[in-house]
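Step one of this worksheet: look at the structure below.
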There are 2 protein chains.
Amino acid sequence: MVDITQQMNACFAALADPTRRAVVEALARAPASVSDLHAPHNMALPTFMRHLSVLEKCGLVRSEKVGRVRTCFIEADPLLQVQGWMEWQRIVVEKQIESRDQIPFALDP
Amino acid sequence: MVDITQQMNACFAALADPTRRAVVEALARAPASVSDLHAPHNMALPTFMRHLSVLEKCGLVRSEKVGRVRTCFIEADPLLQVQGWMEWQRIVVEKQIESRDQIPFALDP
DNA sequence: CCGACACTTAGCCATTTTGCAAACCATGGT
DNA sequence: ACCATGGTTTGCAAAATGGCTAAGTGTCGG
């Protein structure tokens, strides 16, 4: 059983890197091999692999190796978790703004 | 003009810490002073201040000082940006899953 | 004017992250 | 069998992160 909080820590940390976000964007559309994913990124393969393993460790990506090719897939669950948290905050914030507009001087007693 | 990509990097990195997520959750509900925000967190104040400044630097939080009290507010824009990206990925992933279910052997030519 | 309160600055440390290069499997094609 | 392809492992250095303590600044209350 994985701690939800740590899952979120790891997912947000993973998504804090543009390379890794690009990988998520790619895998969201379709599964792909390591080399395919690596191709557009201007960095050494081992470096790129480390990015991939970060994504795997936080659960955003799963992968299986067949022959010498490793194919990567996106994993919906942690994505939904993060998206859910973001949306919840958005809703709460909107509620705050709304109530601030209705009672403009609520903070000045 | 702020680079969108770097804004995202910074926001995700900021949200990768549970203390900072807790602050965002608190500020989503209502503005608060530094000490109020600090109270529930078991860490030295300077340490906590650094978390706050991380949130400010990425734009998720704004603050103004009146007298000796600094009041913090959440900032909607970057939150919406991040939430938007998350939701977009969710939609794309759902589309992929859907199409995978409809054409089960699409990957075996 | 003096102390308490609310930060703020500065400096130190341990750990983690992010990049590289170089060498090393393992598989597939000819 | 052999070589190219596709990954993997290892080791290293620079930089960022997250925590602390100690000491400083500026306001308010009495």
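Every chain is numbered from 1 and lettered A, B, ... according to where its sequence line falls, protein lines coming before strand lines.
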_What's the closest nucleotide to the side chain of B:Leu45 if the choices are D:dC20, C:dT8, D:dG18?_
C:dT8
_Selected nucleotide, minimal atom distance to A:Pro46 side chain, candidates C:dC7, D:dG18, D:dT10_ = D:dT10
Check whether any side-chain N or O of [X] sits under 4.0 Å from OP1 or OP2 of [N], and answer yes or no.
X       : N      : result
A:Arg70 : D:dT8  : yes
B:Ser35 : C:dA6  : no
A:Thr47 : C:dT18 : no
A:Arg68 : D:dT8  : no

*When rounded to the nearest 0.5 angstrom, what distance separates CG in B:Leu37 from CG in B:Leu27?*
5.0 Å
*Answer yes or no: does atom CD of A:Gln6 have more than 12 heavy-atom neighbours from other residues, nucleotides or ligands under 6.0 Å?*
no
*What is the ring orientation for A:His41 with A:Phe48, classed by angle as parallel under 30°, tilted 30 to 60°, or perpendicular over 60°?*
parallel
*On DNA chain C, nearest-nucleotide positions of A:Lys65 versus A:Val54: which is more 5'?*
A:Val54
*For A:Val66 and for A:His51, locate the closest nucleotide of DNA chain C by heavy-atom distance; then report the residue assigned to the nucleotide nearer the 5' terminus.*
A:His51
*Identify whether any heavy atom of B:Ala44 sits under 4.0 Å from a base atom; if not, whether one sits that close to sugar-phosphate; answer base, sugar-phosphate or nothing.*
base
*Can any side-chain N or O of B:Arg20 pair as donor or acceptor with the backbone N or O of B:Ala13 at less than 3.5 Å?*
yes
